[in-house]
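Report on the structure given below.
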Amino acid sequence: MVSPSVMRRRGSHLGASVLRPDGGPKAKGEFAFSSDMWMDGMLWGRTLRSPYPAALIKGIDVSPALAIPGVRAVISAQDVPGRKTFGLERADQPVFASDVVRYHGEPVAAVAADHPDTARRAAAAIRVDYEPLEPLVVAEAAINAPAIHPDGNVFRHIVIRTGDPTAVGDVVVEGTYEVGMQDQAFMGPESGLAVPSLDGGVDLYVATQWLHADRDQIAESLAMDPRMVRVSLAGVGGAFGGREDVSLQIHACLLALRSGRPVKMVYGRDESFFGHVHRHPAKMWYRHHANRDGELVNVEARIVLDGGAYLSSSNAVISNAVCFAAGPYRLANAKVEGWAARTNNPPCGAMRGFGAVQVCYGHEAQMDKLAAELGMDPVQFRLKNVLRRNDKMITGQVIKGTAPVEEVIRAAVSHPLPVPLDSSAEMMSLPGGAGMTADISDVRRGVGVAVGFKNLAYSEGYDDFTTARIRLDLSPQGEPVATVVIATAEVGQGFVTLASQIVRDLLGVDQVVLAPAGTEDIGSAGSSSASRQTWMSGGAIEHVCMMLRDSLLERAAGELDCPSSDLIMRDGEVSRESTAQRVSMTSLLAAGPLQAEHEFHHAKTQPLGVDGQGDAMLSLMFAAHRAVVDVDPDLGLVRVVQVTTGQDVGKALNPVQVTGQIEGGIAQGIGLAVMEEIVLDEGRVRNPSFTDYLIPTALDVPEVAATLIEEPEPGAPFGAKGVGEPPTISSGPAVAAAIRAATGLDVTRVPVRPQDLALRR
Amino acid sequence: MLREAVSSEAGAGAGAFEPVDPYSIILNGTERVVEGSWIGESLLYVLRERMGLPGSKNACEQGECGSCSVMLDGEVVCACCVLAVDAADSEVTTVEGLNASGLVDDIQSCFVEAGAVQCGFCTPGLVVAVHDLLGRRPDAGSLEVREALSGNLCRCTGYGRILEAVRLVQEKREDG
Ligand code: FES
Ligand code: FES
């Protein structure tokens, strides 16, 4: 909704592939990440974690740790002065386990010492007397099992009912599907530096997704006024949902306050696997009905998410899972039931795609089954049933925004297919890659297509907002400078680029400075998650630019002695068309700086009511993927050859950054399909390392071709939708479909493991 | 280590570590003396925490991700897997040293131009790896580039823009 009285500059910044302002420093290794911080007299913090997934704690003796020279502080649950628990939705997770341990890796104590090795040995020297318990590790069983937490074992149970859930079609297909536990595996490990301040408070520099949520949870546990806790963003090495919950924040602050010294904490990779939540494993049962002519009639589904030991954002994840369970298709009749259950597995929460990823494996496998049963082409079958604008979702919500589902599908399948497999293919490019294990005559190729969708920003009536302030001033050289104060976490997504693009475009100021993001000087920006920051922080900045524009026009009106409605602003100056008079921003700012602030809220959404019905979503994002895979059936190895996609972006404000989100998101989708799983054995994590938890390398990712579908979203700042999550939703299901096509196997579980294919499990 | 944290580590000795004798490393062309270092410190730790060179990153400290890549006597190594004392009297070149040499300016600018930098945590290691690769194999084909960079994990980009950046460097270097 750019006001007509602001004209875009020639060579407009929005919509152009403007380069990241932090790209140069990052490429040079000069950008300060949270693990790079250093301070004189700084100590190193270290957490002691439970080796058991379920145990009673009979006693903790920290004296052996305190006796080690160089150890400056040792803390456990009894040293938490305020609230002993934390949590995003509800504080159900102990800062330190005190009497009971509920997952493998749960923090029990922490130490601070002069040297990281001393801290490590001191943590190991703490004596904890555990009485191991039988862990509760199966989510379906947990629903009716004795509670392992005072809040019970069911985080949330939701039922969506619409139309006639008993409606029967000519064709019925059924299936059960399973999704493993995926890790965000961001490269920059959890890290932060806590510094006790002179006023008795604490300053924390940390890599996070949501500064103010961290601050509030820290303050509660420290029993401190939130203003005494100042949280600043330190360089973030990726996030993908894994930094939305508190990890070391409270521990580091407690250690700093206890020792009176700055305390740095940096998780090693093994600890990082224990230090943040993961993607919920899912078990799903589906039954679909369709008519002979290929029209979907009814969907029945039951979905169980394993939330692990603590709530985190499970309530929102299960809500997404049920709301998107039917896929982006018209379904007059549905009954979808979902549970998020508490177990003694590691806690699960936010990860890119957030509930929509898991169910996409289910609904898309079902679409292929139905198409096969009907003898229809799977793409044509989908096209016949896709949601369009003004259609109803199974939640009863009528889609008021854009819904170019047909367009994304057509775009994904219209890219040329890769060259066919032939005997001249290089071994390295075949399944097994550098292992050179493939026998080309056995390798089989398959193609699969999948479609997914998801909500943008927070849903179900959550009052989501971002605060922004901009100050317009003259530099010492007399040039206009805009300083943006906003607490948005730049986690790699390129928000810093976009923020400058918006300000340059709307105010015509070349020099745009983003003040360091922190809690001290501005209200919350919300989380860098749910693909929401382009809309929310972008919208907040847009609004403040408009306020400043009005002030500039007013000043100019005074100077030119005319009504401000006669004036327009373009290229950083105000002009009066009728008289060709102009006033530069420099001269307007000579009268003094201008400043404006705004708290931007998105349009209200509704809670889900009876039968899971309600207008719970702000906006929807769609994408389709086509995957081509080669499979070595003897060894059960898969190589993804190509992924093509059509993605609904509203408007691409920075096409190179959008492409980066698409390619990166697809790599994570493929990872879940064929490589990535946190392997659990009775609640114990067996592979907390990059040696054993494999993420895609440059040899594992395929060629990607993307088409951006640009249909501006009504009500969205600049018409832009978020772009981060859709690439991770249907890319993996397309790979699973391609593997089915190549092998003829059902492939009901991801990640697909070699034994699933080679042994035809 | 964490898996059995209590049972296997509780018995670890409780005394303070003693620093080893000072040793020197030829770091980015200058001899630097490392003092007060403990025997078990990795080269990565010494670079980042003792020498004030945090450009080499610490994504895994297990030799799996390449974010800590440096040149040790001309070979690319994972600094996390080299004991710092083993690098005594050797020549170590970090990304900071490469910056000063001017040899990687084009790699870095092509990374930015191509959109190969998102969070950037993998980037310094990749710059070292690409510098090494193109020094040895200036016209490496795309599969060879993928293989050469497969020891450098990136979680943000899906590698598409990184491969594009390498192609851009090759193109520019070819045009002289
Ligand atoms: S930090 Fe050295 S290889 Fe990962
Ligand atoms: S840019 Fe984030 S890990 Fe590569």
Side-chain angles (χ1 to χ4, degrees), chain A residues 19-20 22-24 26-31 33 35-36 48-49 51 64 67-70 105 115 117-118 121 124-125 127-128 185-189 236-238 268-271 274 426 428-429 434 491-494 656-657 659-660 663-664 666-667 688-691 695 697-699 701 704, chain B residues 1-7 9-10 12-17 38 40 48-49 54-62 64-65 67 94-96 99 108-109 111-115 117-124 127 143 145-147 149-163:
Chain A
L19 304 183
R20 304 183 62 103
D22 57 3
K26 283 178 172 175
K28 287 184 152 51
E30 288 165 357
F31 178 86
F33 286 94
S35 51
D36 298 339
L48 175 69
R49 293 172 182 274
I68 296 177
H115 190 282
D117 252 350
T118 309
R121 291 196 310 151
R127 278 199 284 267
V128 185
F186 41 72
M187 284 296 117
V236 185
R269 182 53 55 182
D270 50 357
E271 187 167 16
F274 293 95
E426 289 188 63
M428 188 87 76
S429 67
V491 298
Q493 79 274 41
V656 163
Q657 289 196 172
T659 304
E663 291 173 342
I666 287 173
S689 73
F690 280 162
T691 314
I695 66 171
T697 70
L699 267 179
V701 297
V704 170
Chain B
M1 165 180 60
L2 197 65
R3 278 172 266 186
E4 307 297 339
V6 169
S7 50
E9 287 194 52
F17 283 113
W38 298 10
R48 289 173 53 79
E49 306 297 339
S56 313
K57 299 301 173 202
N58 56 323
C60 75
E61 297 179 86
Q62 295 168 328
E64 293 290 346
C65 75
S67 72
T94 68
V95 69
E96 290 92 346
N99 290 341
Q108 289 160 333
S109 60
F111 262 66
V112 179
E113 217 175 287
V117 181
Q118 288 187 29
C119 83
F121 206 82
C122 65
T123 316
V127 167
L143 202 53
V145 173
R146 281 178 186 265
E147 194 202 1
L149 302 185
S150 64
N152 291 79
L153 297 177
C154 172
R155 188 55 159 172
C156 300
T157 66
Y159 308 100
R161 302 299 90 207
I162 291 172
L163 298 169

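Because the structure is a prediction, the values reported are computed rather than measured.
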Determine yes or no for a side-chain-to-main-chain donor-acceptor pair under 3.5 angstrom, with [X] supplying the side chain and [Y] the backbone.
X: A:R269; Y: A:P688; value: no
X: B:Q108; Y: A:A27; value: yes
X: B:R146; Y: A:V701; value: yes
X: B:S67; Y: B:A59; value: yes

Which residue out of [options] racks up the most heavy-atom pairs below 4.5 Å with chain B?
options: A:G24, A:G237, A:S429; value: A:G237
options: A:G70, A:A667, A:P189; value: A:P189
options: A:G188, A:G238, A:G494; value: A:G188

TODO: Mind running side chain to side chain contact (heavy atoms under 4.5 Å, CB included) on A:D36 and B:K57 for me, showing each step along the way?
DONE: CA-CA 8 Å; A:D36 298 339; B:K57 299 301 173 202; 2.6 Å; yes

Segment of [X] engaging chain A (4.5 angstrom heavy-atom cut-off):
X: B:N58; value: both
X: B:R48; value: side chain
X: B:T157; value: backbone

Task: By side chain to side chain donor-acceptor pair (under 3.5 Å) - contacts of A:T691 (at least two apart) - done: B:E64

Between [options], which has the largest tally of heavy atom pairs under 4.5 Å with chain A?
options: B:N152, B:V145, B:I162, B:L153; value: B:L153
options: B:P124, B:G55, B:C65, B:S150; value: B:S150
options: B:E96, B:E147, B:Q118, B:R161; value: B:Q118
options: B:V127, B:V95, B:L149; value: B:V95

Given heavy-atom pairs under 4.5 angstrom as the criterion, report whether the side chain, backbone, both or neither of [X] touches chain B.
X: A:F186; result: backbone
X: A:L19; result: side chain
X: A:E30; result: side chain
X: A:V704; result: neither

TODO: Indicate whether the side chain of B:Q62 and that of A:D270 have a donor and an acceptor atom separated by less than 3.5 Å.
DONE: no

Task: pair B:L143-A:L699: side-chain heavy atoms closer than 4.5 Å - done: yes

- [ ] Please name all residues satisfying side chain to side chain contact (heavy atoms under 4.5 Å, CB included) with B:C119, sequence neighbours left out, ordered by chain then number.
- [x] B:F121, B:C156

